[in-house]
Structure formats: C-alpha cells, structure tokens
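What follows is a short report on a single structure.
Note on naming: letters A, B, ... go to the chains in the order of the sequence lines (proteins, then strands), and numbering restarts at 1 for each one. No experiment lies behind these values; they were computed from the predicted model shown.
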Amino acid sequence: MNCQEVMELMQRYLDKDLEENEQTMLLHHVQQCSDCSELFSRLKQISSDLESLPKVAPAYSLVDAIIPRLEKLDQELLHAGDTLRPEQKNSSEHMDGASPRRMLARLRERISVRWAGGVIAAGLALVFFIFNHQNTALYQVDAMLSKEEKHSGGNRTTDGAGNINGKSGDPSVGQNGVAESGSTPKAMPEQQANETRGASSIQAQSGTITDKKDNVPTAQNNAKRSTTEPPVRAEREIVPPAEYGNEVANGSGQEDSSKSAEPKDSPVSPQASIFSNETSATSEASPSSSGQPTKNALPDKASGQATDSGADTVQQESIKSKANNPAAPRGTMMGIAAVPSAGDAGLPSNDHLYEAKIEGNRVVIYKAEDGQSVFKSGRQWKETDQIQLVSWSDDHVLTYQVNSGGTVKTFEIHVKDNSETEK
Amino acid sequence: LVAPELIKAAQSGDRDALITLLREIETDVYRTAYYLLGNEQDAMDAAQEALIRIYTKINSYEEKAMFKTWVQRIVTNLCIDTFRRSRPTVSIEQHEMSFVSENNVEDEVISAYIAQDIKEAIGKLPEHHRSVVVLRYLQDFSYNEIAESLDLPLNTVKSYLFRARQQLQTLLKDYQKGSVRG
C-alpha cells in the first residue's frame, strides 16, 4: 500500500467510513511512515477544529424579520390571482362579485389555498351562472308570455324558453366580460349594479311567475347568497328592485351614480311602497317597478364606462315590452306570490269562466260573469303562509300551492263537483 | 429534524405551519450562509432570501428528497450566487479583511484563534469545496446528504471533501508557521 492510497484511507477515517480491516491497514502504515503520520495528525486536527466551529445562530429571528415581506408577497400573489379572475369569469360567465371577494379576503391569510379557492370560485361562478341564466331566461319567458298569453290564451312552450335562454345567455357573457375585466375601481359599483339587477329579476320573477314556484325558494336563496350583506338584503327582499339598485349605488360610495339615480328614483317610490306594503299588487306595479331598475342602472353604466352591451338592450327591450303591455289580467296574477294576503289578484280559468282569488288567506273561486263566489276553500291559512295559485286545467280544476313554514302542499279544487283535495 | 406532518401541513396551505417550519430551520439556514459567506450581514441577507424562497416554493418540495437537504440546496445555491456576484468587486484582500475586521456577536463567540483561522481558511476554498465542508461539519451531513444537497455525484463529494481538507491543512500549516500558534 502506497502513501497515496493511505491518504484516502485517512480521509475516510475522518468521516468514520472505514471498514475494520481498512482501519488496521491505515494505522499500520501510519506507524511506519513518518510523513503520513504527520499528515494524519494534522488532518485529524483540522477535522476536530472544523467540528468544533461555533454553531452560530442569527442575532435576531430571521422569520420575524421577513414576515412583512412575506405578507407583501402574499398580497402580490393575490393580485396576480385577481388578474387571473376575469379569465376565469369569462369562461364561467355570470360570476358574482361578492362571494369571491369575501373569499379572497380569507385567502390573504392562507396563500396556498389560493388554487383551491380558485376552484371553488369557479364552481360558485358556475352555480351563479346557472341560476342567473335561468332567471334571465325565465324573466324573459315571462315577458314573452304576457304577450303570448294575451293573444293565444296562454300556451307555454318549452321551445320558447329554450330560444330565449340561448339569446339572453350570449349577450350576458359579453356584458360580464367587459364589466369585470375592467379592473378600475369603477368596475366595482358597476358589478354591483349588475348583481342588483340579477337579484331584481329574481324577485320580479318570484313575484310574477306563479307556476314556476319550485324556482322561487332557490332563486331567493340565490339572491341572498349573491349579496354582500345578506341580512340587509334579506330584509329588503320584498322591496322593489328599483330601490334596491340605488341602495347599492349609494352604499358603494359612488357619488355621481347615486346622484344621477336619485331623481329617477322618486317616481318609483310610491309604487315601491305599494308593493312593499303588501296592500295590493296593481296591474302596473310589477312591470313598472321591475322596468325601472334597468333604467336607473343605465346612468351608472353610462357614467361608469362603455359597458352598455347587447345584454342590456335585450333585457331592457324585453322589460319594456312587458311594461308597455297593459296586460291587466297578467298583472293581477303577478302580485300573488309576493303578496299572499292581497285580495284583488286572481287567476282566471283558461276559458275565463271562473277566477280564483286569495281572500283572507284562503282560496275563493268566483264566476267571472257575475262575480258570485262558487267555491270557498275550507282551508284557512295563516298570514305567514304563502299561497300560490298555480294553474287551471281545462276541466276547471284549480291547482294551488301553499308554503307553510317551509313545507309546500299542493291542492286541487274541482269546481264541477265543488270539492277540494290535497295532492 | 422537521416533522413530516409539519411539512405536509405547510404544503397544504397552513400558513402558521409554514411559519413554524421556517422558524425551525432558520438557524440551520443562517449557519450555512454564515460559513459560506464569512460575515454576519451577508449571511443575514442570504438566509432571509433563502427563507423567502422556501416560503414561496414549499410546494415544489417532494418527499423523495430529505427536507433538510432540500433546504440546504436552496441556501447554498443562493450563497454561491451571492459570492459569485460579489467576487469581482471585492479583492481577496478586502474579502479577508471583512473576516478580520468584523466585530460582532459571532466573532466574540469565536474566541479561539483556531476557529478564526479555520473560518478564514474556509473562505479561501473554491465554492464547491467550501459548500461540502460546511455541510459536512456545520450540518453534520453524510456524503449522501451532501450529494443530494449539492446535486453532485457521491464520488465528487468525497473528492471535494478530501481535497478541501487537504487544502485547509496546507493553509493552516502556513498560518501556523506565521502565527503565535506555531
């Protein structure tokens, strides 16, 4: 064994990497070779010196020192996430501003959930889109039906709904894309205006379309969820959309928009009070109050940015057509769901021989000809119960539903044999 | 040793866990930076950078590697970048001066001349030799752990370490000749 080979053994000895026989060989050589002996002892010294180097520690906590930078970093990443949002929204369309914003606030504390959050946001967006989409469609179906029913006696076709659905969906994509990709501060009130309008249409719908009752609770939930302050909005659920929209505009602190909205606001108020007081739903209350918010929202939009898109015009037109439509009989039907105790509103049978009304929280059927009551339901409901006149069959069977403390019951009144059955 | 559960929690987005984890490793990170860079201020800066990098890249850590080697890889790479950048502007003499003229807590702790000599000698080693020595002696890493940290073959690690000790031995022999310690 030469000194070169022993050199490696010495090194490995320092790292305790030697087999027993290798160690023996090393020690044997070192005892005989003075050069290697001297080197070996110096290396051992070096190694032990290195081992005894002070285990230094930082003078102050480095983590504490970097925490502000980490927070800033989180913010930056969050903003990076923000700029990604319009993309997500474009693909998922009717994204609601409120929930994701709240979620993002939470994400500030947990950066790594960011992506999970993104997934949830996308999911929520999809849910909102589906609801809003449906609602817009239904809203327009309703507008269409007002016309259609007047002329044809109320044949509702799913085809019509499908077509409108497609129509209303497309422009709303563009609208949201424009409105939300603008990351200027003005985009916020703008977005809220959109939201509000979405909510209004939901409400208008819950008030008007009585035979879509299954959608009503969901739609209302949706409205609640889509608001920034659920309790406040929840209270205001019966308040007409016009006021609703201004509320938001004021709340968002945009002075010009609230100012511009104010004068137009005043003519709405009386109707609003009629509506919210639940005294009666006049034939005009529904269409006009639901028509107004769009008009009020428009100044905001115009002053905000050029986001006035096809969606608005489509919606507006449909609303207008509804507003312009005298539709007295439809109008009376519209108030019923929202105003359970209202006396005037009624639902005429298909051949207009009879009219069903809700009086004193029970269903009464009148003969249209002379206004004589032909049937008075034996079921007396409470003030808090919601009675909805659903539909007439051709053989004079009235279907109505009652939502009593969350449970929905369906009843049928057979005018012919003067009987009432629960389904 | 950092608990695997803590790492998992940090990776799953638990910011508190991530901060706790950083606190557990900050001394190790600093120590490597200190012996690689040779002074407290640069070590503080580099260690902070390394911790920030770990904070942002925690999800890129994969379990197949040891966490401590992953951490040390980050800090050694950062330090190597740092002294590559600073080398051209700082002459060897000035660089050495920074070791000698330092008046900080660490230097007070290093009361023995030997430690000071060794520290200076380490500063004269080529960057990879220096890294191997620091990981071997200041982090108590095995050959394999050093190889994993520096992304070097095992044999290269051994040869760097052996040559580094050989160089240190030569350097310190010269020191000892010209110093009180002779």
Requested in this report: Kindly determine whether B/Asp117 and A/Asp49 satisfy side chain to side chain contact (heavy atoms under 4.5 Å, CB included), including the steps that lead there.
Outcome: CA-CA 10 Å; B/Asp117 289 350; A/Asp49 286 350; over 6 Å; no
**Report entry** Intermediate values then yes/no, side chain to side chain contact (heavy atoms under 4.5 Å, CB included), B/Tyr55 and A/Asp74
**Finding:** CA-CA 10 Å; B/Tyr55 181 88; A/Asp74 289 350; 2.9 Å; yes
Requested in this report: For side chain to side chain contact (heavy atoms under 4.5 Å, CB included), just list the numbers for B/Leu138 and A/Val56, CA-CA rounded to whole Å, side-chain angles, deciding distance to a tenth of an Å, and then say yes or no.
Outcome: CA-CA 9 Å; B/Leu138 278 311; A/Val56 293; over 6 Å; no
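Annotation for A/Gln32: atom CD counts as buried by contact number, over 12 foreign heavy atoms lying within 6.0 Å. Within a 6.0 Å sphere centred on CD of B/Glu63, heavy atoms belonging to other residues, nucleotides or ligands number 12 at most.
The greatest number of non-hydrogen atom pairs below 4.5 Å with chain A, out of B/Thr27, B/Ile52, B/Leu168, is found for B/Ile52. Contact count against chain A (heavy-atom pairs under 4.5 Å) is highest for B/Glu26 among B/Lys158, B/Glu26, B/Gln166.
Inspection of non-hydrogen atoms places A/Gln11, A/Arg12, A/Leu14, A/Asp15, A/Asp17 of residues 11-27 of chain A under 4.5 Å from chain B.
Rounding to the nearest 0.5 Å places CZ of B/Arg165 at 12.0 Å from CE of A/Met10. Taking OH from B/Tyr34 and NZ from A/Lys55, the interatomic distance works out to 13.0 Å, rounded to the nearest 0.5 Å. Note that OG1 of B/Thr56 is 6.0 Å distant from CG of A/Leu73, once rounded to the nearest 0.5 Å.
Interface remark: A/Ser47 contributes backbone and side-chain atoms alike to the contact with chain B (heavy atom separation under 4.5 Å). Only the side chain of A/Met7 comes within less than 4.5 Å of a heavy atom in chain B; its backbone stays farther off. With a 4.5 angstrom heavy-atom cutoff, A/Leu62 touches chain B via backbone and side-chain atoms both. Of the atoms belonging to B/Val133, it is side-chain heavy atoms, and not backbone ones, that fall under 4.5 Å from chain A.
Here the side chains of A/Ser52 and B/Tyr137 are not in contact, with every heavy-atom distance at 4.5 Å or above.
Judged purely by atom type and a 3.5 angstrom limit, B/Gln48 has no side-chain atom pairing as donor or acceptor with the backbone of A/Ile66.
Each of B/Leu51, B/Leu22, B/Leu18 was checked for a side-chain contact (heavy atoms from CB on, under 4.5 Å) with A/Leu70, and the lone residue meeting it is B/Leu22.
Considering every non-hydrogen atom in both A/Ala59 and B/Met44, the closest pair reads N-CE, 3.6 Å.
For the pair A/Arg69 and B/Glu49, the salt-bridge criterion is met [side-chain N within less than 4.0 Å of a carboxylate O].
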